Amino acid sequence: MEELDDLRRQRLEKLTGIRELDIQPYAYRFDRTHTAADCGALHDPEQEGQKKVRLAGRLMAIRRMGKASFGHLMDPSGRIQIYVKSDLVGNESYNLFKLLDIGDVIGVEGGIYKTRTGELTVFADSIVLLAKTLRPLPIVKEKMEGDEKVVFDAFADKELRYRQRYVDLIVNPDVRQTFILRSRIVSAMRAYLEGRGCLEVETPVLQTQYGGAFARPFMTHHNALDMPLYLRIADELYLKRLIVGGFDGVFEIAKDFRNEGMDRDHNPEFTMMELYVAYQDYHFMMDLVEDMIRILCESVLGKTEITYQGSAIDFSKPWKRIGFFDAIRNETGKTVSGLDVEELQKTAEELGLPVELDASRGAVLDALFSRFVEPQLIQPTFILDYPIELSPLAKKHRDKPGVVERFEGYIAGREICNAFSELNDPIDQRRRLEEQAALRAGGDEEAMTIDEDYIRALEYGMPPTAGLGIGVDRLVMLLTDSPSIRDVLLFPHMRPET
RNA sequence: GAGGGUGUAGCUCAGCUGGUAGAGCAACGGCCUUUUAAGCCGUGGGUCCUGGGUUCGAGUCCCAGCACCCUCACCA
């Protein structure tokens with residue numbers, strides 16, 4: 001901050017100078033007629049300068065040459081050169097222009113020309129200041145080499161970019177593009193689900209009892225009732241109550257909160273889409289995921305083949321479908337489906353995967369899968385039929401013992417969705433949650449608790465239901481070729497500035 | 001949580017086995033009414049992340065801490 005003082009002081013002096021010109025440096029309104037991108041089509045070589053436009057945006061480059069100057073104006077559509085000539089704008093405006101800095105928000109009115117070097121340019125008839133900047137913007141320069149845009153001195157410090165996303169968005173257009181795509185992806189998802197007759201709902205973020213996933217929650221306190229509250233870790237149990245209530249299809253796109261570590265794939269708050277459809281099972285849901293993601297790609301990206309971090313990924317074909325135990329056998333050569341805990345632990349050791357002595361059957365299976373199978377799942381793949389220990393809210397498989405009707409979708413080695421035929425037998429549900437409660441009593445902080453009201457709801461009868469959760473951030477990462485979840489969150493979680 | 005990396009001007013970065021802190025852009029001043037990554041000439045600008053230590057002397061070496069990045073672990 002101290003180092004900035006000199007640059008700030010200079011700008012404050014300019015601000016005073018502008019006020020002395022009797023100009024309000026923070027305007028109230030400016031009505032635009034066009035954007036920078038519109039100007040190309042408006043330019044008429046037969047009638048140079050006849051087309052007039054009013055543009056607003058940030059001044060991103062200034063080249064002053066006495067009584068005439070060039071600059072670049074940037075608005076959300078792009079950049080365009082402006083030419084400010086003393087004769088044209090008058091002395092007063094030109095004096096104002098001399099007090100402007102890179103980053104200032106201005107409005108320009110003028111005719112569209114092409115200069116003799118062929119660059120589209122607005123010759124300013126007038127120029128108004130809309131907002132004076134007091135801090136210097138990182139100066140990013142660019143040059144076209146053929147079709148390639150070469151960028152010089154890009155604003156690259158990741159920490160600053162995340163902490164001051166407003167600056168990042170100003171100077172890095174691809175960041176802006178990522179978040180435009182994110183918005184379109186979510187809109188397309190919403191449109192798809194509504195198109196299939198599902199109802200978008202909102203359920204509580206603040207909960208007296210959390211559930212629906214394995215995770216530690218954030219806690220808070222409600223003063224009026226003087227009681228602890230938890231921020232939700234999943235929407236699941238509330239949404240299924242709505243299926244009990246008679247809605248045939250409900251979905252929610254919202255933040256969940258998990259009190260866990262942060263890395264490339266995890267942020268403490270993240271966006272989840274959860275969907276529940278009555279009278280359907282997980283086979284229905286697999287078809288829906290395949291269809292929905294293909295349609296999202298088509299409508300948002302205009303193609304079904306994408307590249308993620310160098311891997312070509314094809315959404316035009318049906319996803320691979322492999323059983324959980326088959327996938328482990330394929331990758332390790334070991335058949336583990338019938339093994340008990342000790343045998344499993346021995347197998348893991350043989351495969352060079354160290355496991356803790358007290359690791360449960362489910363934990364070892366999960367570890368084997370994460371280590372040997374998950375990284376191999378580059379093309380869209382559904383892994384089906386998970387061990388029952390890992391899925392207390394999923395329905396037992398109709399044929400296979402010991403597993404539930406559950407699938408997870410993997411793309412580029414990363415889990416993208418999770419779904420099951422929902423458990424609607426209240427007695428079985430109670431038994432499974434009691435097992436969770438026992439694990440919890442044994443010290444597993446992420447095990448679930450018994451939600452009596454949820455079981456009561458099931459006792460009123462929930463139709464057979466297919467449920468799905470999609471990690472929206474991860475889907476956006478995939479479709480925008482972003483390597484880190486932080487690149488698809490406008491304001492990723494950071495430690496406080498010191 | 002473990003290991004590795006980074007931290008120097010507003011931005012992007014140099015800075016050798018320790019010897020008075022550098023460049024480009026930006027800023028400031030001057031000249032310039034069609035320039036373009038940046039017109040030409042000149043000037044200013046630093047808590048070298050923080051705190052200790054070693055040394056005659058530390059941006060540089062040592063210790064501790066902080067932040068960010070990467071890998072792994074944990075984690076849907």
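Lettering of chains follows the sequences in order, A, B, ..., and the numbering in each one begins at 1. Remember, predicted model here, so these are calculated numbers, not experimental data.
- Separation of the C1' atoms belonging to B:rA38 and B:rG57 is 40 Å when rounded to the nearest angstrom.
- Within the 4.0 angstrom heavy-atom criterion, no nucleotide atom of any strand lies near A:L137.
- Among the atoms of the strands shown, none is found under 4.0 Å from any heavy atom of A:A213.
- Checked by distance alone, A:S69 brings no side-chain donor or acceptor within 3.5 Å of a matching partner on the base of B:rU35.
- Mapping A:E374 and A:L100 onto RNA chain B by nearest heavy atom places A:L100 at the nucleotide closer to the 5' end.
- Within a 6.0 Å sphere centred on CD of A:E148, other residues, nucleotides and ligands contribute 12 heavy atoms or fewer.
- Contacts of A:R63 with the nucleic acid, taken as non-hydrogen atoms under 4.0 Å apart, include base atoms.
- OP1 or OP2 of B:rG10 has not a single side-chain nitrogen or oxygen of A:R8 nearer than 4.0 Å.
- Distance A:M60 CE to B:rA38 C1': 16 Å, rounded to the nearest Å.
- In this entry B:rG42 has B:rC28 as its Watson-Crick or G-U wobble partner, both defining distances falling under 3.5 Å.
- A side-chain donor-acceptor contact under 3.5 Å links A:Y94 and A:S69.
- Across all strands shown, B:rU6 is found opposite B:rA67 as a Watson-Crick or G-U wobble partner, with both distances under 3.5 Å.
- When the C1' atom is used for both B:rG4 and B:rU12, the distance is 24 Å, rounded to whole Å.
- When heavy atoms are screened at a 4.0 angstrom cut-off, A:Y113 is found touching no nucleic acid atom at all.
- In this structure, A:E415 reaches the bases: a heavy-atom distance under 4.0 Å links it to at least one base atom across the strands shown.
- Among the atoms of the strands shown, only primed sugar atoms or phosphate atoms (P, OP1, OP2) are found under 4.0 Å from some heavy atom of A:F155.
- More than 12 heavy atoms of other residues, nucleotides or ligands sit less than 6.0 Å from atom CD of A:Q376.
- Heavy atoms of A:D265 sit nowhere under 4.0 angstrom from any nucleic acid atom.
- Proximity of a side-chain donor or acceptor of A:R432 to a complementary backbone N or O of A:S391 within less than 3.5 Å is detected.
- Protein atom CZ of A:R9 is 15 Å distant from nucleotide atom C1' of B:rA9, rounded to whole Å.
- Taking atom P on both nucleotides, B:rU34 is separated from B:rG39 by 14 Å, rounded to a whole Å.
- If you check every strand for non-hydrogen atoms under 4.0 Å, A:E119 touches a base.
- Across the protein-nucleic acid pair, A:D366 atom CG and B:rC75 atom C1' stand 10 Å apart, rounded to whole Å.
- At whole-Å resolution of the value, CZ in A:F270 and P in B:rC75 are 15 Å apart.
- A:K14 comes within 4.0 angstrom of the backbone, heavy atoms only, and of no base.
- Summarising the base pairing, B:rC72 is matched to B:rG1 through a Watson-Crick or G-U wobble pair whose two defining distances lie under 3.5 Å.
- Using a 4.0 Å heavy-atom distance criterion, A:R64 is classed as a base contact.
- At the heavy-atom level, A:R486 lies under 4.0 Å from the strands shown only through sugar-phosphate atoms.
- Going from atom CD of A:E445 over to atom C1' of B:rC75 covers 13 Å, rounded to whole Å.
- A ring-centre distance under 6.0 Å is not found for A:Y282 and A:F382.
- Spacing between B:rU8 and B:rG1 at atom C1', rounded to whole Å, works out to 31 Å.
- At distances below 3.5 Å, at least one donor-acceptor pair connects side-chain atoms of A:D157 with backbone N or O atoms of A:L160.
- Counting non-hydrogen atoms of neighbouring residues, nucleotides and ligands closer than 6.0 angstrom, the NZ atom of A:K51 reaches no more than 12 such neighbours.
- Base pairing of B:rG22 is made with B:rC13, judged by Watson-Crick or G-U wobble geometry with both donor-acceptor distances under 3.5 Å.
- The nucleotide B:rU47 finds no pairing partner, because no Watson-Crick or G-U wobble arrangement with both distances shorter than 3.5 Å includes it.
- Taking side-chain N and O atoms only, A:R116 has no distance below 4.0 Å to OP1 or OP2 of B:rU34.
- Remark: C1' of B:rU35 and NZ of A:K143 are 16 Å apart, rounded to the nearest angstrom.
- Side-chain atoms of A:D157 and base atoms of B:rG7 include no donor and acceptor less than 3.5 Å apart.
- At the heavy-atom level, A:A61 lies nowhere under 4.0 Å from the strands shown.
- As rounded to whole Å, 13 Å separates atom C1' of B:rU12 from atom CZ of A:R161.
- Close to B:rU71, at under 4.0 Å from its OP1 or OP2, lies a side-chain N or O of A:R264.
- Heavy-atom distances under 4.0 Å link RNA chain B to A:Q81, A:Y83, A:K85, A:D87 of residues 76-95 of chain A, given in residue order.
- Spacing between B:rC28 and B:rG45 at atom C1', rounded to whole Å, works out to 10 Å.
- A sub-4.0 Å separation between OP1 or OP2 of B:rA26 and a side-chain N or O of A:K141 is present.
- In this structure, A:R135 does not reach the B:rG10 phosphate: none of its side-chain N or O atoms is under 4.0 Å from OP1 or OP2.
- Within the structure, salt bridge (Lys or Arg N to Asp or Glu O under 4.0 Å) pairs that include any residue of residues 469-489 of chain A comprise A:R182-A:D473 (at least two apart or interchain).
- B:rG52 sits 14 Å from B:rG59 when the P atoms are compared, rounded to a whole Å.
- A 6.0 Å sphere centred on OH of A:Y162 holds more than 12 heavy atoms belonging to other residues, nucleotides or ligands.
- Of the C1' atoms belonging to B:rG46 and B:rA9, the separation is 6 Å, rounded to the nearest Å.
- Between the side chains of A:Q81 and A:Y83, no donor N or O sits under 3.5 Å from an acceptor N or O.
- A:E274 contributes no side-chain N or O that, together with a main-chain N or O of A:G467, makes up a donor-acceptor pair within less than 3.5 Å.
- Separation of the P atoms belonging to B:rG65 and B:rA2 is 10 Å when rounded to the nearest angstrom.
- Distance CZ (A:F97) to C1' (B:rU33): 13 Å, rounded to an integer number of Å.
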